[in-house]
Structure formats: structure tokens, C-alpha cells
Asks: 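Can you keep this structure in mind? I'll have questions shortly.
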Amino acid sequence: MDFKLTEEHIMIRDAARDFANNELLPGVIERDDKQEFPTEQIKKMGELGFMGMMASPEYGGGGMDTVSYVLAMEEISKIDASASVVMSVNNSLVCWGLDTFGNKEQKEKYLTKLTTGESIGAFCLSEPEAGSDATSQQTTAIDHGDHYILNGTKNWITNGRTADFYLVIAQTDREKKHKGINAFIVEKTWEGFEIGPKENKLGIRGSDTHSLVFNDVKVPKENRIGEDGFGFKFAMKTLAGGRIGIAAQALGIAGGAYELALKYSKERKAFGTEICNHQAIAFKLADMHVSIEAARLLVMKAAVDKDNNGNYDLSGAMAKLYASQVAMDVSVEAVQVHGGNGFVKDYHVERMMRDAKITQIYEGTSEIQKIVISRSIING
Ligand SMILES: Cc1cc2nc3c(=O)[nH]c(=O)nc-3n(C[C@H](O)[C@H](O)[C@H](O)COP(=O)(O)OP(=O)(O)OC[C@H]3O[C@@H](n4cnc5c(N)ncnc54)[C@H](O)[C@@H]3O)c2cc1C
């Protein structure tokens, strides 16, 4: 067992760290405050190859492994979790889904634009009545020979307005239940496609979350991904990998909050000494450090499982469940270490605490991860 990163991994991690510090840190507080999408920064991330890291080079992707992706996600998330969710959806849901399950024509038409950041993608599974229970899809796509007619509403869609292409999951045959679900590539400009107002969120406020409405949208048959009835499997396989990205996001938020708390504790004095010399604070830092290292091991294990073509459903769920709890705990404690300064925006940790919460909700809540984990350990 080798815990060492390769030189290439270190290079990617350092490039992401530099980018985050130089390009994302300036303005991150204001973007959060104003709910402003990091348009210029995402464009640069595309130019630097951060938007299609794991996709095939043939289609403009970086051809990198999941470990590289996780390292970059962690660094970007340390500074700006709003930017990293855009990166995460584009990389592990949209690009990976299309690269793995799309056909050559779909990849040439769509993936080549998504990997370079020229276009942004969105992944549309959740609905008003179908969140954790993703099989209850109410959106329908009715077969009309050479095309489908799509009707319904999707909720909470990340990159909802900024995306150009949307992977939309819909029910094509209700009698077949989850085997009657398909996934489609939908273009923003198609008639009948409407974007709802932006959600006003607790955290990741720089990201762009919308509901989407489809009114008789005509989707050509060639835009269906995979065989008829493959949509639910497509969504579940894609989300299983996506969870590793969200686990890395949680790890980054925790790491960012910890680094700020450590630094602050060495500068702030109380009772004649730096606060890190008070054992209550020192022990908080020790707990933060240990839990972050433990989360990192779980995240890396899941990434390595995926790179080795192993089964990563269990390791990905464990990584997300644990890392998201660590992100929550560490960011709350980082606010505590900062005292009153932790409660105001200038010190960043209050934003991290708000951002951390979403990692326990999207791409499967913590309760759903526990269902995945318990089923796996009970049924083997
Ligand atoms: C900011 C943001 C961005 C998002 N981005 C996207 C996106 O890009 N694409 C997309 O498709 N979706 C997206 N989502 C949706 C997200 O994945 C769902 O919110 C999440 O899956 C939970 O679904 P729900 O909100 O309907 O909650 P519900 O499913 O209604 O769950 C409510 C509560 O009940 C619990 N619960 C439900 N079922 C069970 C059970 N069987 N056992 C125990 N507990 C249970 C849940 O854990 C939760 O605590 C996003 C959400 C947010 C807030």
C-alpha cells in the first residue's frame, strides 16, 4: 500500500491551489453575498483543464484519474465551494456520464464543448415530488417515432441558468417503473424549455440553482443516452461517482476552515497568550486535524476504487457520509475558534459553515448514504 502521490498528482494539486488562491479568493465574499456566479473564474478553469479532467482526450478531456480530480476539487473547495460545485457537476456528472455512456456522435457534438468549458452542463434528476426517491419521476418523455415530447418540472438544478446542455431524466413508460426511465441531452435554446427564478440559498450562494420547466419540448431520438430504459441506471451510476466529487468538496471545505482556525489561533491572544496555548482550543485543532485526515483516507480510497474499476458504490457513499459530517463539524468549530470574528463575513469561516451543510444534502442525503452502506454490508 502506497500513500504517496505521484509527481503528476502533486503538480495538479498545486496548480489547483494556486488558481484558487490567485483567482477565486479575491471576491469570494462579495460573490457569496450577491449570489453572483463566478463566470470569469469558471471560464479560466475551463482553459486550465479543470472542467473535463477525467474525460477522454479524444473529446478534449484531460484523461486524468479520479485521484487527480479529487485533489483539484479539494483545493478549489478550500477557497470557493460555489465554484467547486460547478466544477463537480460538469466533471463527474455531465462529462463522465456522457464520456462513459454516450455514443460517438453525442460526444463529438456535446462533450467536446463541455470538457473545455466552452459550454457548461447540468444534471437534472430531482423534481418537486422526486428527491431521495428518484424513482418517482413525474417528468415524462413520450415516444413519437423519431423524437420524444418532454413535459415536467425539475427542481434544484445546479448550473440551471448558466448551462447550455442539460442531461434530463424522464419517465418514458410508467408501467415499467424504473426500467421505463430514460436520460436525454436537452439544449437550452429548444422551444418549450423555461428556466425558473434563482434559488436564494443558505450556502454555495455563488452557484446557480434553478427549477426548470419543460412544456412539450421536442427531443430528437438521437439525444437519448444508451438503450431504451437505461436512464435510471445511468443516473445511479453517474451519481455514485459524483458522490466522490462531493466528498472531496466536503474535505476541501473542512480543510479550508481548519487552516484558517489554526492560523487565527496562533495570532489571537487571550489571557496573555496565543489562544492555541489554551488546551480547549488546542484539542479542537487536534480533533479537526484527525477527522480531516480520516476523511481524506476514505475519499482517496473511493477515488482509487473507481480508478481500479472496482466497485465504488460503498466506498463513495462512506466517503461522502463521513467527509460531509467532518465538513460540518470542523466548520462549526472553526467559527468557535474565531470567536466574534467567526460570526462575520470577513473571516470566511461563517461562509464555510453555511457551504458545508449542502454536502450532507445533495447527490444523496446522509440518510440515503446510510441506506446504501447498510444494504451493502448486510447483503454483502
Ligand atoms: C443547492 C442544491 C443543489 C442541487 N443540485 C442538484 C442538481 O444539480 N441536480 C439534481 O438533480 N438535484 C439537485 N439537488 C437536489 C438534491 O439532490 C435533493 O435535494 C436531495 O437529493 C434530497 O431530496 P429532497 O430535497 O427532495 O428531500 P427528500 O427526499 O424529501 O428528503 C427529506 C428528508 O427525508 C429524508 N429521507 C427521505 N427518504 C428517506 C428514507 N428512505 N429513509 C430515511 N430518510 C429519508 C432525507 O434524508 C431528508 O432528510 C440540489 C439540491 C440543492 C439544495
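Start at 1 and go down the list; that is how both ligands and their atoms are numbered. None of the values given here were measured: they were computed from a predicted structure. The basis for the numbers below is simple: all heavy atoms, side chains too, and nothing from hydrogens, waters or symmetry mates.
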Asks: For residues Trp96 and Phe123, establish whether the separation of their ring centroids is below 6.0 Å.
Replies: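 Aromatic pair excluded; centres sit 6.0 Å or further apart.
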
Asks: Tell me which one of Gly160, Gly131, Gly242 gets a heavy atom nearest to atom 24 (P) of ligand 1.
Replies: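 It is Gly131 that holds the nearest heavy atom.
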
Asks: Counting non-hydrogen protein atoms only, what is the nearest one to atom 39 (C) of ligand 1? Give residue, atom name and distance.
Replies: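 Looking only at protein heavy atoms, the one closest to atom 39 (C) of ligand 1 is Ile368 CD1, 4.1 Å.
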
Asks: Among all protein non-hydrogen atoms, which one is nearest to atom 29 (O) of ligand 1, and what is the separation to 0.1 Å?
Replies: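 Here the nearest protein heavy atom works out to Ser132 OG, 2.6 Å.
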
Asks: What atoms of ligand 1 come closer than 4.0 angstrom to any heavy atom of Lys201?
Replies: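 Answer, ordered by atom number: 1 (C).
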
Asks: Within ligand 1, which atoms have a heavy atom of Thr365 less than 4.0 Å away?
Replies: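 Every atom of ligand 1 under 4.0 Å from some heavy atom of Thr365: 22 (C), 46 (C), 47 (O).
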
Asks: Contact between Ile371 and ligand 1, counting heavy atoms under 4.0 Å?
Replies: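 Contact present.
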
Asks: Take atom 9 (N) of ligand 1 and look for protein heavy atoms under 4.0 Å from it; say yes if you find one, no if not.
Replies: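 So far as the 4.0 Å threshold goes, atom 9 (N) of ligand 1 is in reach of a protein heavy atom.
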
Asks: Within the protein, is there a heavy atom lying under 4.0 Å from atom 32 (C) of ligand 1?
Replies: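 Flag for atom 32 (C) of ligand 1 set to false, no protein heavy atom closer than 4.0 Å.
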
Asks: Checking a contact table here: which protein heavy atom is nearest atom 4 (C) of ligand 1, and how many Å away?
Replies: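 Closest protein heavy atom to atom 4 (C) of ligand 1: Trp156 O, 3.0 Å.
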
Asks: Looking only at side chains, do Asn155 and Ser126 share a donor and an acceptor under 3.5 Å apart?
Replies: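 Short answer, no.
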
Asks: Could you state the interatomic distance from CD (Glu23) to CG (Leu25), rounded to the nearest 0.5 Å?
Replies: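 One gets 11.0 Å once the value is rounded to the nearest 0.5 Å.
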
Asks: Just let me know how Val89 lines up against ligand 1, side chain, backbone, both or neither, with a heavy-atom cut-off below 4.0 Å.
Replies: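 The answer is neither.
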
Asks: Rounded at 0.5 Å granularity, tell me how far CZ in Arg243 sits from CG in Leu321.
Replies: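 CG of Leu321 is found 11.0 Å from CZ of Arg243.
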
Asks: Before signing off on this row, confirm whether Ala130 and ligand 1 have an N or O atom pair separated by under 3.5 Å.
Replies: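 Looking only at distances, the answer is no, because the N/O contact criterion of under 3.5 Å is not met.
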
Asks: Pairing donors with acceptors under 3.5 angstrom, does anything connect the side chains of Gln35 and Asn200?
Replies: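 There is such a pair between these side chains.
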
Asks: Looking only at side-chain N and O atoms, does Asn159 offer a donor or acceptor that is under 3.5 Å from a partner on Asn90?
Replies: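 Asn159 and Asn90 do not have a side-chain donor-acceptor pair below 3.5 Å.
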
Asks: Can you find a protein heavy atom closer to atom 35 (C) of ligand 1 than 4.0 Å?
Replies: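 Not a single protein heavy atom is under 4.0 Å away.
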
Asks: Using the ring of Phe193 (Phe, Tyr or Trp, six-membered ring only), decide whether Lys154 places NZ or CZ under 6.0 Å from its centre and within 45 degrees of its axis.
Replies: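 No, Lys154 and Phe193 do not form such a contact.
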
Asks: Compute the shortest N/O to N/O distance between Cys124 and ligand 1 and return yes if it is under 3.5 Å, no if not.
Replies: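 It does not: no N or O of Cys124 is found under 3.5 Å from an N or O of ligand 1.
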
Asks: By number and element, which atoms of ligand 1 are closer than 4.0 Å to a non-hydrogen atom of Thr158?
Replies: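 Near Thr158, the atoms of ligand 1 are 3 (C), 4 (C), 5 (N), 6 (C), 7 (C), 8 (O).
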
Asks: Examine Asn155 against ligand 1 and note whether any of their N/O atoms are separated by less than 3.5 Å.
Replies: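 In this structure, Asn155 places no N or O atom under 3.5 Å from an N or O of ligand 1.
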
Asks: Is the Lys NZ or Arg CZ of Lys188 less than 6.0 Å from the centre of Tyr166's six-membered ring, within 45° of the axis?
Replies: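 That pair does not qualify as a cation-pi contact.
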
Asks: Identify which of Val94, Ile361, Ile358 has a heavy atom lying nearest to atom 21 (O) of ligand 1.
Replies: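 Result: the heavy atom closest to atom 21 (O) of ligand 1 is in Ile361.
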
Asks: With no hydrogens and no angle check, just 3.5 Å: does a side-chain donor-acceptor pair link His289 and Asp287?
Replies: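 Result is no, nothing qualifies.
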
Asks: Please determine, by modelled atom types, if His147 and Asn223 share a side-chain donor-acceptor pair under 3.5 angstrom.
Replies: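 His147 vs Asn223: no donor-acceptor pair found between side chains.
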
Asks: For atom 18 (C) of ligand 1, grab the closest protein heavy atom and report residue, atom and distance to one decimal in Å.
Replies: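 Result: Ser126 OG, 4.0 Å.
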
Asks: Can you check side-chain contact (heavy atoms from CB on, under 4.5 Å) on Gln106 and Ile185, steps first, answer last?
Replies: CA-CA 9 Å; Gln106 291 168 346; Ile185 308 163; 3.9 Å; yes

Asks: Heavy atoms only: which of Glu367, Arg205, Lys370 is nearest to atom 49 (O) of ligand 1?
Replies: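 That would be Glu367.
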
Asks: Check Ala72 against Ile12 and note the closest heavy-atom contact, atom names and distance.
Replies: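 Taking Ala72 first and Ile12 second, the nearest heavy atoms are CB-CG2, 4.3 Å.
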
Asks: For ligand 1, which atoms sit closer than 4.0 Å to a heavy atom of Glu363?
Replies: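 Per the distance check, 17 (O).
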
